[in-house]
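Here is the structure we will look at, set down as structure tokens.
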Protein chains: 2
Amino acid sequence: MENRKIPKPTIKRLAVYYRCLENLIKSGKETISSQELGNRLNIKASQVRKDLSYFGEFGKRGIGYQTRRLQDGIAEILGIKRIWNVCIVGAGNLGMALANYPGLSKSGYQIKAIFDVSSEKIGKKLQNGLVVEDLKNFERVARKEKIHIGVITVPANNAQQVADLMIGSGIEGIINFAPAKLNIPENFPLEEIDISLTFRALSFQITMQKSRQ
Amino acid sequence: MENRKIPKPTIKRLAVYYRCLENLIKSGKETISSQELGNRLNIKASQVRKDLSYFGEFGKRGIGYQTRRLQDGIAEILGIKRIWNVCIVGAGNLGMALANYPGLSKSGYQIKAIFDVSSEKIGKKLQNGLVVEDLKNFERVARKEKIHIGVITVPANNAQQVADLMIGSGIEGIINFAPAKLNIPENFPLEEIDISLTFRALSFQITMQKSRQ
DNA sequence: TCGTGTGAAGAACTTCACAGCT
DNA sequence: AGCTGTGAAGTTCTTCACACGA
């Protein structure tokens, strides 16, 4: 068991291992080697072992990892065994899509509320029965529903004030889809997903690829 | 002008600089130093200068960077000056949301078509006038519309065959939202956005954060 | 022998620090 | 003086290589 700081990429890979283990267990596989797990995910075996070694000794030499035991171990590390209460601010296309996305609730992220400021959107009913609420009620609802995670899907120029509102209402972490740099307290849990940035990165790759030939 | 390989994070930051420059130019700012640009984005000034230095000398010593000139330079690098034709496969909530997302077309990514296999979805009309097409027609449409970028928003277990179809139809790059590792030719341009993975990474952060206090 | 766990080496990326242009 | 561009140093992350247990 290493005791250094955990690299951020390691965390994302753990979640990938977890997903792969779900499938392996479903298909009845009981043990797996770092080599085989790595092959399935395009990750080097040594990377798999190193990632796991940060958190303990999950494997048996000569044999590999027990899929069930490893999955439990990763679930423990990532906080997967519990339910997370999530709310979304911004009932545009993306916010609505996330609220209706079954993958999230299946993974333990329950969408408890969705907010907007536009009177056209407030009161709208989603496929899953949720109703868009007025952002004015945010703090009250957030506290009542014990929301852990806030998701920001508003336009860039409103993102900061939404983040401030979330932090002021006792939210524990934020996922930001708005293309804006948020100013938040150091070490406050934050993840960013910037879709247009990803498109830009792809077009750069394409351009490079072509100029190389 | 450095001549080494470009770090991947540099590319994403260039797109961030570009976005920031748009705003600066709008607000009438004509020059900016690496220091000030960095401050606005939580990036160290030296990082800004290093990123830009991979591609040439955009600045003037003692003065900084001309916003307009720098923006043009970055646009050139990232391939922003042109229109990219995009298609989406998977007309679920996320696929629909992307197709209707104005930020993409505003950035030069025109959604030319959206496909699905489900007869319930085929023929559906989107807000923007696009009609969901049968995936069977993919190759024909992709070639006719000269699609550059394919976006995958299907469930994980169908992602690979969609990717194969895209690559076989002359698509130049793929953005994959499905939680699956794609097997594609080495160096084929690919970007991945894995939303549930990001939630997992956030819950880990929250858990860590708490256990530290 | 097979496959883990892990120091040590290597690669990738970031930051420093300063020469040199304006 | 002010600020860039960039080698060199520093940091972070990945891969190697091998001792050791099953």
Side-chain angles (χ1 to χ4, degrees), chain A residues 1-17 21 24 29-71 73-74 77 187 201 204-205 208, chain B residues 1-17 21 24 29-71 73-74 77 187 201 204-205 208:
Chain A
M1 158 102 84
E2 300 220 6
N3 211 7
R4 293 193 292 103
K5 211 190 123 272
I6 314 299
K8 245 204 132 177
T10 290
I11 301 307
K12 291 232 165 166
R13 282 191 302 265
L14 285 181
V16 173
Y17 302 154
L21 286 164
L24 288 168
K29 202 151 170 58
E30 302 206 333
T31 71
I32 191 164
S33 67
S34 60
Q35 184 67 60
E36 196 182 341
L37 187 54
N39 283 347
R40 285 171 185 260
L41 302 166
N42 280 322
I43 295 172
K44 290 239 165 27
S46 55
Q47 182 74 79
V48 173
R49 295 200 301 276
K50 178 67 84 179
D51 284 340
L52 297 175
S53 77
Y54 289 118
F55 300 96
E57 310 205 354
F58 292 99
K60 288 213 188 338
R61 297 172 190 218
I63 303 203
Y65 302 88
Q66 261 188 277
T67 50
R68 190 105 236 167
R69 207 172 90 71
L70 182 56
Q71 192 195 34
I74 295 177
I77 296 163
N187 290 324
F204 174 78
Q205 268 196 68
M208 274 292 104
Chain B
M1 158 101 83
E2 300 222 7
N3 211 6
R4 292 192 294 104
K5 212 193 123 266
I6 315 299
K8 246 206 131 176
T10 291
I11 300 307
K12 290 234 165 167
R13 282 192 302 265
L14 284 181
V16 173
Y17 303 153
L21 286 164
L24 288 167
K29 201 152 172 57
E30 301 206 334
T31 71
I32 191 162
S33 67
S34 59
Q35 184 67 61
E36 196 183 342
L37 187 55
N39 283 347
R40 286 171 185 258
L41 302 167
N42 280 321
I43 294 171
K44 292 239 163 28
S46 54
Q47 181 74 81
V48 173
R49 296 201 299 278
K50 178 67 81 178
D51 284 341
L52 297 175
S53 77
Y54 289 118
F55 300 95
E57 311 206 352
F58 293 99
K60 286 214 188 338
R61 295 167 193 223
I63 304 201
Y65 302 89
Q66 260 188 278
T67 50
R68 191 104 235 166
R69 207 171 89 71
L70 182 55
Q71 192 195 34
I74 295 177
I77 295 163
N187 291 322
F204 175 78
Q205 268 196 69
M208 276 291 103

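Below, chains carry the letters A, B, ... as their sequence lines are ordered, and counting in each starts from 1. What you see is a predicted model, and the numbers here were worked out from it, not measured in a lab.
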Counting any heavy atom closer than 4.0 Å, what does A/Ser46 reach on the DNA or RNA strands: base, sugar-phosphate only, or nothing? base
B/Ser34 vs D/dT4: side-chain N/O to OP1/OP2 distance below 4.0 Å: yes
Closest to side chain of A/Lys50, choosing from C/dC13, D/dT15, D/dT4: D/dT15
Residue closer to the 5' end of DNA chain D, A/Lys44 versus B/Gly64 (nearest nucleotide): B/Gly64
Rounded to whole angstroms, how far apart are CG on B/Leu37 and C1' on D/dG2? 17 Å
For the side chain of A/Arg49, counting heavy atoms from C-beta on, which of D/dC3, D/dC18, D/dT6 is nearest? D/dC18
In whole angstrom, give the distance that lies between atom CD1 of A/Ile11 and atom P of D/dC13. 10 Å
Is the shortest side-chain heavy-atom distance between B/Leu70 and B/Leu21 below 4.5 Å? yes
As a test of reading the structure: which of D/dG5, C/dT6, D/dT4 is closest to the side chain of A/Ser53, going by heavy atoms? C/dT6
In this structure, how many angstroms lie between the P atom of C/dT15 and the OH atom of B/Tyr54, rounded? 12 Å
Would you say that B/Phe58 contacts B/Ser53 through its side chain, given a criterion of any heavy-atom pair below 4.5 Å between the two side chains? no
Do B/Val48 and B/Leu41 touch side chain to side chain, with heavy atoms closer than 4.5 Å? no
To the nearest Å, how far apart are B/Lys8 NZ and D/dT14 P? 14 Å
Just N and O in the side chain of B/Tyr65: are any of them under 4.0 Å from OP1 or OP2 of D/dG2? no
Please give, in whole Å, the distance from D/dT4 P to B/Gln66 CD? 13 Å
Determine whether A/Arg49 and A/Glu57 satisfy the following criterion, salt bridge (charged side-chain N to carboxylate O under 4.0 Å, His left out), listing intermediate values before the conclusion. CA-CA 9 Å; A/Arg49 295 200 301 276; A/Glu57 310 205 354; over 6 Å; no
Whole-Å distance separating the CD atom of B/Glu57 from the C1' atom of D/dC3: 13 Å
Map B/Gln35 and A/Asp51 onto DNA chain D by nearest heavy atom, then report which one ends up closer to the 5' terminus. B/Gln35
Spacing between A/Leu70 atom CG and C/dT4 atom P, to the nearest angstrom: 11 Å
Please write out each protein N/O paired with an N/O of nucleotides 19-22 of chain C under 3.5 Å, distance rounded to 0.1 Å.
unit_1, atom_1, unit_2, atom_2, d
C/dT22, O4', B/Arg61, O, 3.0

Answer whether the closest heavy-atom distance between the side chains of B/Gln47 and B/Asp51 falls below 4.5 Å. yes
In whole Å, what is the span from the NZ atom of A/Lys5 to the P atom of D/dT12? 6 Å
Taking only Lys NZ, Arg NE, NH1 and NH2, and the carboxylate oxygens of Asp or Glu, determine whether A/Arg69 and A/Glu30 approach each other closer than 4.0 Å. no
Can you find a pair of side-chain heavy atoms, one from B/Phe55 and one from B/Thr10, that are under 4.5 Å apart? yes
